[in-house]
Amino acid sequence: MVPKYNPQEIETRWQQRWAADHIYKVWQDDSRPRFYALTMFPYTSGDLHIGHWYAMAPSDAYARFKRMQGYNVLHPMGFDAFGLPAENAAINRGIHPYDWTMKNIKNMRRQLRSMGAVYDWSREVVTCLPTYYRWTQWFFLKFYHAGLAYRAKAPVNWCPRCQTVLANEQVVGEGVCERCSTPVTKRELEQWFFRITKYAEELLDHSHLDWPERIKIMQRNWVGKSDGAEVSFRLEDEGTEQKEIRVFTTRPDTIFGVTFFLLAPEHPLVSRLTRPEHKAEVDKYIAWCRHQAEYERVALGREKTGVFLGSYVINPVNGERVPIWIADYVLPTYGTGAVMAVPAHDQRDLEFAKRFKLPVRTVIAPPGWTGEELREAYAGSGAMVNSGDFNGLPSEQGYEAICALSEAKGWGKRTVVYRLRDWLISRQRYWGAPIPITYCDKCGIVPVPEEDLPVLLPSDAEFKPTGESPLKYCQSFVNTTCPRCSGPARRETDTMDTFVCSSWYFLRYTSPKTRRASFDAAKVKYWLPVNLYTGGAEHAVMHLFYARFFTKALKDMGLVDFDEPFARLFNQGTIIYRGDKMSKSRGNVVAPDEYVVKLGADAVRGYLMFIGPWELGGEWSDRGIVGISRWLNRIWGLVTTDYTSRAVDPETEKELLHLTHKTIKEVTADLENFRFNTMLSSLMELSNYLSKIRESGIVSGSVWQEAIGYFLRLLAPTAPHLAEELWNRTGHPYSIHNESWPEYAEDLAEEKETTLIIQVNGKLRDKVLVPAAIGEAEARELALNRERVKAYIDGKNLIRVIYVPSRVVNIVVAS
RNA sequence: GCCGAGGUGGCGGAAUGGUAGACGCGGCGGACUUAAAAUCCGCUUCCUGCAAGGGAGUGUGGGUUCGAGUCCCUCCCUCGGCACCA
């Protein structure tokens, strides 16, 4: 009696054996081509849910496939372990963030091990350990010395709930916090920034990246490059030390159409340019703006607001006096915070002009324009009008001509403006890598010397959120000596955004234990760039963007010799459950554990791959997984029950050989393209055919054994435990995971017979099984003489016959 | 508003411009069983017909083609992202 399929027993047994034998240990083995297959490491939230498995199980199958294909595969795993939830848990439950995080890691590691992945656990990376964050701090110093890290006072995004500042990238949707969805407010604070804008142009270049188009578009939009010109408008009243105001415009060709001038309410010149008789109104407006939330202010479709300051600028092209207003739709952070308003050719300016009865002057003629007032702003191109010497010039040429004139006269120049802002990395929280900076009354800002790293987090800090870093109240941490003059000094108490930690973890995996450096340069040279990076698309302008910036900066510092970290990127879709994305806060998480116990990790892996195309995600279904579980059970029975050959039918043997090779071909192509769902249907078709053969027993024992051997190797990436067990039970040497991927023979994979479709006027009328190599004449002859076809063509005029080789004969007739 | 992705049986989903619905779930019928579960076999897009067959059918409406789920245009819906960026 053959024992029943017992996934739990099989899976734990093989996992122990694999671990004991270190079969997934990765060496830097130059004789094989390397393949770095990376999956985004999880945040240490406590439990992995099915959504995590959806990211990890298919990528593990892919890594296994690459291994079997003969690559030296690095497929590591680690934990993104700093961050707010740990601190919040500490506040709520009185557990230290370190203990909370480590407890979670322990549990998540157990869950990950139960998945049976090829992770080499000796390479695990945990970002909250001093052995790791020491190097995060080291990178900060490198950036500081390279002029890429600076401290500045700026209006920053503040999350009142998280009690910390946020990077622009972490403000999402209608101006809410990426983490807790609380509306974000603005605060004027002295903070640390990374100069990511220095790389704006380089970050736009995705030309050597095999990345999804939508991610590239999102990043491009985020950088927001605009070509245009910077133009100076002289102040009419030159009594102030400031003689002019610069604006940025993408349409210098419309400069004759300027009828008013706008400043952001926060613009530094506002108070100086406000005439006494307007002061009360201006102050009132500015106060009103200040209590508007950022997202209200930029909400589209709002009625335009603003006030006149009472002073004027002079238009450099025609010497006109232009009134200066302030309006909240002018953003202080973009361009110069000032706008030359051209209501005829900008919809926003037109709305403003209408509201405040300001003049509108058309200076670019729309097609067919006869001088009437425009209903809507015309933003297209056309001949210049009302533009002095430039009248009649096409606007594209006008653009060039105005730029040339401004440059010649010195009141303007061509320029490029980016929407991208520098990356704010300070966080007023405890659980992050301390920024390695000291403040000395004598020496000012002094970086901590490299040899003094790490700046350790004190274990005795209080975590109560006060809007300032808990480290600020920890005297033993704050008080230090100046590295330069040895006098008393204070430590920086802000910690770094966790995205700094995750901007270089993929380098650390290559040499996780090295104590001499952040990474071993030779190993990074061997493994990087990452061949394939998989994870969710939600990181498009955060993690993925920062990691690219980091890599480019490291390249410029000479620390690495490549400027893009991830050659190929693939985003899996989202697993939904009860109509919603799985998340703790929605309370709809499905834990893999109970399914692993009941049906086995192989079934969970298989179901997640079978659910649909990986990039589209899908709905988790308790019913769906039993289909895969039953299939694995059938495979168990198919292979463990002795096969008895009762007769040998050469035709069936040939057919089995053909189907086997066809399956190898399909499974290989599907894996390469992440089409796990169709890969599994191919395997099911083969196993269904094998079941039929086992019933009839009409192939020889050796042919049967060979087919089973192929089948198991094709199954190994998806169901590593079951494949190993059956490989072992069929007398093969350990381990199937060190076997080569099967190769197919093209002539065997090819179809020998095909169903010829016979259509009359494009409608299916008959089918007939023919040799695949059938010739055209023969096919036509056959089709025209079929009884079923004759009924449709007799007595009609044969117009033409279309023949698609070995597929279709379409007979076109007319009555 | 703009940019992506998508819309196919009761459900998840397959289909190089050439048999629409592979594979699986569910359902129905049968075998095994005292019975049930499990397992195995068969059927399962809809309408019509005793049947052979016929007709319709891939969100909507048009177009290209011998032939369209697939290509082009219009519109509708769902999901994701961006959004007063001068």
Side-chain angles (χ1 to χ4, degrees), chain A residues 4 172-174 212-218 220-222 224-226 228 247-251 254 262 264 295 297-302 304 327-331 333-342 345-349 351-352 379 417-420 537-538 540-541 571 573-574 576 581 606-607 610-613 615-628 630-631 633-634 637 675 677-685 687-688 691-692 695 754-767 788 799-813:
Chain A
K4 273 187 64 182
V172 299
E174 300 201 319
E213 201 55 36
R214 73 197 164 107
I215 300 290
K216 295 196 266 184
I217 290 170
M218 277 194 237
R220 234 178 281 142
N221 291 343
W222 192 256
K225 180 180 181 176
S226 294
V247 293
F248 172 73
T249 177
T250 55
R251 293 297 299 271
T254 64
L262 295 168
Y295 69 95
R297 177 162 165 184
V298 299
L300 208 68
R302 234 166 115 249
K304 294 287 176 285
D328 71 350
Y329 76 88
V330 179
L331 306 172
T333 50
Y334 185 77
T336 61
V339 171
M340 58 174 229
V342 185
H345 305 292
D346 182 289
Q347 190 56 34
R348 297 156 301 174
D349 297 346
E351 285 165 24
F352 193 87
V417 158
Y418 300 93
R419 202 186 75 118
L420 181 66
E538 66 273 16
V541 293
N571 299 118
T574 313
I576 53 172
K581 183 181 169 172
Y607 175 60
F610 190 61
I611 218 165
E615 67 274 22
L616 295 183
E619 172 96 27
W620 173 263
S621 146
D622 288 351
R623 275 195 293 187
I625 192 173
V626 303
I628 291 293
R630 287 207 285 242
W631 178 58
N633 266 290
R634 281 200 299 274
R675 310 281 295 184
N677 56 332
T678 50
M679 167 194 77
L680 284 166
S681 353
S682 300
L683 285 176
M684 286 172 181
E685 283 180 83
S687 70
N688 288 347
S691 295
K692 274 196 189 126
E695 289 304 303
T754 178
T755 306
L756 188 69
I757 302 307
I758 305 171
Q759 301 177 328
V760 176
N761 290 343
K763 276 194 181 280
L764 173 73
R765 293 305 179 191
D766 203 0
K767 324 179 197 187
R788 308 253 309 260
I799 296 180
R800 57 192 283 208
V801 177
I802 306 230
Y803 177 64
V804 181
S806 67
R807 299 206 92 130
V808 173
V809 176
N810 186 12
I811 302 160
V812 185
V813 295

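Worth saying up front: this structure is predicted, and the values here are computed from it rather than measured. Below, chain A is the first sequence line, B the second, and so on; all start at residue 1. Any value given below was found using the heavy atoms of this structure, including those in side chains, with hydrogens, waters and symmetry copies removed.
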Problem set entry | Nearest-angstrom distance, P atom, B:rG18 to B:rC71 | 11 Å

Exercise. How would nucleotides 16-23 of chain B be written as a contact map, 5' to 3', with B for base contact, S for sugar-phosphate-only contact and - for no contact, using protein heavy atoms under 4.0 Å?
Worked result: B-BB--BB

For this session: Using the C1' atom as the reference point in each nucleotide, state the distance between B:rC41 and B:rC46 in Å, no decimals.
Result: 26 Å

Problem set entry | Base orientation of B:rG9, syn vs anti, 90° cut from 0 | syn

Problem set entry | Rounded distance in Å - OH (A:Y418) to P (B:rA86) | 13 Å

Problem set entry | Distance below 4.0 Å between A:K763 side-chain N/O and B:rA56 OP1 or OP2 | yes

Problem set entry | Closest non-hydrogen atom pair, A:V808 against A:L756 | N-CD1, 3.9 Å

Problem set entry | Closest non-hydrogen atom pair between A:T336 and A:F248, with its separation | OG1-N, 3.9 Å

For this session: Have a look at A:R220 and say if it touches a base, only the backbone sugar-phosphate, or nothing, with a 4.0 Å heavy-atom cut-off.
Result: nothing

For this session: Rounded to the nearest angstrom, tell me the gap between atom CZ in A:R419 and atom P in B:rC3.
Result: 17 Å

Exercise. A:I625 CD1 to B:rG24 P: how many Å, rounded?
Worked result: 17 Å

Exercise. If you measure from CD1 on A:I799 to CD1 on A:I811, what distance do you get to the nearest 0.5 Å?
Worked result: 12.5 Å

For this session: Taking only the side-chain heavy atoms of A:D328 (C-beta and beyond), determine which of B:rG81, B:rA83, B:rC84 contains the nearest atom.
Result: B:rC84

Exercise. How far does the P atom of B:rC32 sit from the matching atom of B:rA37, given to the nearest Å?
Worked result: 15 Å

For this session: Among the candidates B:rA86, B:rC66, B:rG13, find the nucleotide nearest to the side-chain atoms of A:T250.
Result: B:rA86

Seminar exercise, completed: Taking for A:S691 and for A:L616 the nucleotide of RNA chain B with the nearest heavy atom, the one nearer the 5' end belongs to A:L616

For this session: To the nearest 0.5 angstrom, please state how far the NZ atom of A:K225 sits from the CG atom of A:L420.
Result: 13.0 Å

Problem set entry | Counterpart residues, salt bridge (Lys or Arg N to Asp or Glu O under 4.0 Å), relative to A:R634 (two or more places apart) | none

Problem set entry | Distance in Å, A:M218 CE paired with A:E538 CD, rounded so as to fall on 0.5 Å steps | 10.0 Å

Exercise. Taking the P atom of each, how far is B:rU33 from B:rG27, in whole Å?
Worked result: 24 Å

Seminar exercise, completed: Judged by nearest nucleotide, the residue sitting upstream toward the 5' end of RNA chain B, A:K692 or A:E619, is A:E619

Exercise. Taking atom C1' in both B:rC11 and B:rU44, what distance in whole Å separates the two?
Worked result: 14 Å

Exercise. Of all the choices, B:rA14, B:rC85, B:rG12, which nucleotide is nearest to the side chain of A:R348 once you look at every atom?
Worked result: B:rC85

Exercise. So how far is it from A:K767 NZ to A:I758 CD1, rounded to the nearest 0.5 Å?
Worked result: 11.0 Å

Exercise. If only atom types and distance count, is the side chain of A:T249 paired as donor or acceptor with the main-chain N or O of A:R251 below 3.5 Å?
Worked result: yes

Exercise. OP1, OP2 of B:rG6 versus side-chain N and O of A:R214: anything below 4.0 Å?
Worked result: no

For this session: Scan A:P212 against the nucleic acid and name what it touches under 4.0 Å (heavy atoms): base, sugar-phosphate only, or nothing.
Result: nothing

Problem set entry | Candidates B:rC85, B:rG24, B:rG12 - which lies nearest the side chain of A:R634 | B:rG24

Exercise. Between atom CH2 in A:W620 and atom P in B:rG13, what is the gap in whole Å?
Worked result: 15 Å

For this session: Compare the minimum distances between each of B:rA15, B:rA86, B:rA83 and the side chain of A:W222, then state the nucleotide with the smallest one.
Result: B:rA83

Which protein N or O atoms sit under 3.5 Å from an N or O of nucleotides 26-30 of chain B?
{"residue": "B:rG26", "atom": "OP2", "partner": "A:R630", "partner atom": "NH2", "Å": "2.8"}

Exercise. When rounded to the nearest Å, what value does the distance between C1' atoms of B:rG4 and B:rC84 take?
Worked result: 23 Å

Exercise. If the P atom of B:rA15 is compared with that of B:rG69, how far apart are they to the nearest Å?
Worked result: 16 Å

For this session: Indicate for each nucleotide in nucleotides 44-51 of chain B, in 5' to 3' sequence, whether protein heavy atoms under 4.0 Å reach the base (B), only the sugar-phosphate (S), or nothing (-).
Result: --------

Seminar exercise, completed: By side chain to side chain donor-acceptor pair (under 3.5 Å), A:N571 pairs with (sequence neighbours left out) none

Exercise. Which heavy atom of A:F610 sits nearest a heavy atom of A:N677, and at what distance?
Worked result: O-CB, 3.7 Å

Exercise. Given Watson-Crick or G-U pairs with both distances under 3.5 Å, what dot-bracket string fits RNA chain B, with | for other-strand pairs and [ ] for crossing?
Worked result: (((((((..(((.....[....)))((((((.......))))))((((....))))..(.(((..]....))).))))))))....

Exercise. Taking CD from A:E351 and P from B:rG1, how many angstroms apart are they, rounded to a whole number?
Worked result: 15 Å

For this session: Check the distance between B:rG67's C1' and A:I799's CD1 and give it to me in whole angstrom.
Result: 14 Å

For this session: Drop me the distance from A:R214's CZ to A:E615's CD, to the nearest 0.5 angstrom.
Result: 9.0 Å

For this session: Starting from the C-alpha separation in whole Å, work towards a yes-or-no answer on side-chain contact (heavy atoms from CB on, under 4.5 Å) for A:N810 and A:V801.
Result: CA-CA 6 Å; A:N810 186 12; A:V801 177; over 6 Å; no

Exercise. Rounded to the Å, how far apart are A:Y334 OH and B:rA83 P?
Worked result: 13 Å

Exercise. Rounding to a whole Å, what distance do you find between A:E538:CD and B:rG81:P?
Worked result: 10 Å

Problem set entry | A:Y607 and A:D622 side chains, donor-acceptor separation under 3.5 Å | no

Exercise. Expressed as a whole number of Å, how far does the C1' atom of B:rG80 sit from that of B:rA86?
Worked result: 28 Å

Exercise. OG/A:S681 to CZ/A:R675 distance, rounded to the nearest 0.5 angstrom?
Worked result: 10.0 Å

Exercise. Where do A:N221 and A:R419 come nearest, in terms of heavy atoms and distance?
Worked result: O-NE, 3.5 Å

Exercise. Of A:L262, A:D346, A:T254, A:D349, which is the lone residue that meets side-chain contact (heavy atoms from CB on, under 4.5 Å) with A:M340?
Worked result: A:T254

